Structure formats: C-alpha cells, structure tokens
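Computed from a prediction, not measured in an experiment: that's the story for all the values here. Below, chain A is the first sequence line, B the second, and so on; all start at residue 1.
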Amino acid sequence: MPELPEVETVRRGIAPVLLGRRLVRVLQRRPDLRVPLPEDMAGRLAGRKVVAVNRRAKFLLIDLDDGATLIIHLGMSGKFVILKGAAGAPDRFAPHDHVVFDTDGGDRLVFNDPRRFGLMELAATGDLDKVRWFRGLGPEPLGNEFSAAVLSESLRGRRTSIKAALLDQKVVAGLGNIYVSEALFRSGISPRRSAHTIPGRRAERLVPAIREVLEAAIRAGGSTLRDYVQADGALGYFQHQFLVYGREGQACAAGCGGTIARIVQAGRSTFFCGNCQK
DNA sequence: ACGCCCACCTGGAGGC
DNA sequence: TGCCTCCAGGTGGGCG
C-alpha cells in the first residue's frame, strides 16, 4: 500500500475532481472498512462543497464547507478511481467498490479497497489534532519541522533497529516498508543498526536521503507493485528506480560487488546491501 | 514505556 | 486444473 508518495499522488489526482465541487450524491455500500464508517456518512456528506484536499502522513484530508473534514486512509490496498462524466450514471460496481462520490462537476469518484484496511472518519476541521489517528504523529518528512536534530532527539535511547524506528509514525510520519529500505540504502546505514546510534552524523545523512527518495517517488507518480494505481488509472513508475526493495539476490546498484539481501525485521521484509550499509 | 507478535482481510503467485 | 502455502505499500492492541 501506499506510503507517502502514493498518497500524495492520489491527492494530486483527486483534487481537481473535488476542489470547489459539491458532492451531489454519496453512496456507502458497506457499513465498515477497518473501522465502522461514520454514522450516516452518506447523508452528512451529500450537498457539501469541498473546500480543500490535503494530506497528513498517509491520510487524505477532504475539508468540507460545513467545518468538517473527511479523513481517509488507504490502508494496504485502497485506491480511488475517477470516472469522468459518470456522475448519476447507472450503478454498476466492481468488487470492493465501497464508497462512491458523485460531484456537481459531473464526475464520479469510487473508493475501492479489497483488503479493507482503509478507513474513513469525519472530524471537525479545527480539531484534527485530537483525532486518534493524529495524536503523537511525528513530523512530515518533507516539511521544515523535520531535521537531523529532530530525528536525533526522537531516536535517542531507542533500542530497536533503525528500520523499525523509521516505520514508527511517531518518529517521522509517512514512511513505509519500501521507502525505509530505500532511504537506508541511500544513506549507507544498515537497517539492523540500533536506532540510538543514529543521532549525529548518521542522522545528517539519513534526513536528506529520506527527503530525496520521497521527492523522487512523488515525481514518478509513486510505485505500482500490486494494487496501487493513480486516481486516473495511470501506473506509478518509481518501482523501476528501487535500488534495494524487492531486489534480493541481485547485484548492488552501487557497483560495490555485493549482493542485495532480504531479512525479516518486526515481521516485515527489509532489503539492503551488507557491503555498502554499515 | 518500549518492543515484539499478531490480527485484521483478500488476492495473486508459485509449488506440487 | 486445483489446492495449499506464503506473501503483500499499514496499523493498533495485547502481551511480556
């Protein structure tokens, strides 16, 4: 599923369809995703105008003209499909089409999520910090508040691996399994290294590596492995630029002569070059 | 408090 | 073809 670059790509894809548009009809096809959908969500959204489409970490934030924000997480397999000009069309749905938005611009937006790890929730726009999904969330890696000093501070004293620490959304918000492996490779840091050894010079390398890999992935429209597609159906192509993820047994892209290894940490695959990453 | 393991779900890939 | 096992871009709860 989607990590920060994929969610940002989805945001950019759905924003033109939603921004300034009124939701003329919302259809909720099942009562729950990962958690129960908001009580009468379809009724509360119908007639509302979208005033902003933002992102925080891996969440999409759709601000409405009544002071509410629709919070959406794509989970592992959630995606949006844009059907241009399909608003008001007969209801013919694909498997796992869970929520349908028709706008007064004439377009239809369909949320599809086979695994149903995604979620939607409504909250007051001014109170998002109090929402349980956002409490304790770390800094945005592409924002000014993320720095080597800030990262060092949150890693100080942590005994877990740097791989696991970077997956912790309280440390930095938006990285997932792919981009953690990629950022660690780019900064020459072993994923097995204990997090408390990162503060200082290693953090000075890691922070720009995180920023660079995320920015490059956004430029490429994200990474398409299985489920993920951009909202217009286009595939992301950053997967072709992976240096380590999914490349077990292949030669290290840095030309060091080493081979990419796969290990399991905290139940998730990690890919790295034991030669380049110390 | 922290860190690890598991569950939550479905589908695709690969082995036999 | 078919069945069975493993694996997958995430996250939070429960346990030690």
Side-chain angles (χ1 to χ4, degrees), chain A residues 1-11 30-37 55-60 71-80 94-98 111-121 131-138 141 154-184 191-196 210 213-214 216-218 220-231 235-249 262-271:
Chain A
M1 173 36 41
E3 304 180 33
L4 187 154
E6 290 73 36
V7 178
E8 177 61 22
T9 301
V10 169
R11 186 192 72 76
R30 59 174 302 136
D32 63 304
L33 293 173
R34 194 174 110 207
V35 296
L37 289 165
R55 179 190 57 74
R56 171 78 174 104
K58 301 172 192 171
F59 291 85
L60 294 164
I71 301 164
I72 301 171
H73 197 287
L74 301 173
M76 289 281 271
S77 58
K79 57 189 151 294
F80 274 102
H96 314 299
D97 282 350
H98 301 313
F111 178 79
N112 180 289
D113 183 8
R115 295 179 73 181
R116 269 184 288 119
F117 290 168
L119 68 89
M120 292 191 192
E121 189 164 303
V131 173
R132 60 170 162 154
W133 315 109
F134 299 140
R135 273 195 302 258
L137 213 49
S154 62
L155 295 180
R156 205 151 277 141
R158 293 201 48 164
R159 316 303 298 185
T160 192
S161 67
I162 184 60
K163 163 73 190 304
L166 292 177
L167 284 178
D168 181 349
Q169 304 294 296
K170 296 186 194 65
V171 171
V172 55
L175 291 177
N177 207 37
I178 291 177
Y179 297 104
V180 166
S181 277
E182 293 295 318
L184 287 171
R192 295 198 263 225
R193 176 172 283 284
S194 184
H196 76 274
I210 289 170
V213 74
L214 294 178
I218 291 170
S223 305
T224 296
L225 295 186
R226 274 162 291 275
D227 301 301
Y228 167 77
V229 287
Q230 298 181 41
L235 305 179
Y237 55 90
F238 191 72
Q239 66 278 11
H240 302 302
Q241 297 172 51
F242 290 167
L243 299 179
V244 287
Y245 188 85
R247 303 192 52 166
E248 180 182 15
R262 171 185 177 270
I263 59 174
V264 175
Q265 295 177 287
R268 323 275 317 267
S269 290
T270 303
F271 299 89

Protein-nucleotide distance (A:Tyr179, atom OH; C:dG10, atom P), rounded to Å = 10 Å
Give a yes or no on whether the backbone of A:Thr270 and the side-chain of A:Ser181 come within a donor-acceptor separation of less than 3.5 Å.
-> no
Atom-to-atom span, CG of A:Leu137 to P of C:dT11 - whole angstrom = 9 Å
Interatomic distance where NZ belongs to A:Lys79 and P belongs to C:dG10 [whole Å] | 15 Å
Closest to the side chain of A:Tyr245, out of B:dC9, C:dA8, C:dT11, is C:dA8
side-chain N/O A:Arg34 vs C:dG10 OP1/OP2, d < 4.0 Å = no
Judged by atom type as modelled, is there a donor-acceptor pair below 3.5 Å linking the side chain of A:Arg262 to the main-chain atoms of A:Ser269?
-> no
Mind calculating the distance between CE (A:Met76) and P (C:dC6) to the nearest angstrom?
-> 17 Å
For the side chain of A:Arg268, counting heavy atoms from C-beta on, which of C:dA8, C:dG13, C:dT11 is nearest?
-> C:dT11
Could you let me know what B:dC9 is paired to, Watson-Crick or G-U wobble, both distances under 3.5 Å, or none if it's on its own?
-> none
Does the side chain of A:Ile178 come within less than 4.5 Å of A:Glu6's, by heavy atoms?
-> no
Over how many whole Å does the gap from A:Phe134 atom CZ to C:dG12 atom C1' extend?
-> 15 Å
According to a strict under-4.0 Å criterion, is A:Lys58 in side-chain N/O contact with OP1 or OP2 of C:dT11?
-> yes
Distance below 4.0 Å between A:His96 side-chain N/O and B:dC9 OP1 or OP2 | no
Between P of B:dG3 and CD1 of A:Ile162, the distance in whole Å = 11 Å
Output yes when a side-chain donor or acceptor of A:Gln169 lies under 3.5 Å from a complementary backbone atom of A:Gly174, and no otherwise.
-> yes
Would you please confirm or rule out a distance under 4.0 Å between OP1 or OP2 of B:dC4 and any side-chain N or O of A:Thr160?
-> yes
When you match A:Phe117 and A:Arg159 each to their closest nucleotide on DNA chain B, which lands nearer the 5' end?
-> A:Arg159
Find the distance A:Glu6:CD to C:dA8:P and express it as a whole number of Å.
-> 16 Å
Determine the interplanar angle of the A:Phe59 and A:Trp133 rings, folded into 0 to 90°, and report it as parallel if under 30°, tilted if 30 to 60°, perpendicular if over 60°.
-> tilted
Which part of the nucleic acid does A:Arg158 contact within heavy-atom distance under 4.0 Å: base, sugar-phosphate only, or nothing?
-> sugar-phosphate
Would you say the side chain of A:Arg115 and the base of B:dC9 hold a donor-acceptor pair, judged only by whether the two atoms sit under 3.5 Å apart?
-> yes
Check the angle between the aromatic planes of A:Tyr179 and A:Phe238 and answer parallel, tilted or perpendicular using the 30° and 60° thresholds.
-> tilted
Name the nucleic acid region contacted by A:Gly176, choosing base, sugar-phosphate or nothing; use a 4.0 angstrom heavy-atom cut-off, strictly under.
-> sugar-phosphate
Phosphate oxygens OP1/OP2 of C:dG10: is one of them under 4.0 Å from a side-chain N or O of A:Gln169?
-> no
May I have the distance from A:Asp32 (atom CG) to B:dC8 (atom C1'), rounded to whole angstrom?
-> 11 Å
Check whether any side-chain nitrogen or oxygen of A:Ser77 sits under 4.0 Å from OP1 or OP2 of B:dC9, and answer yes or no.
-> no
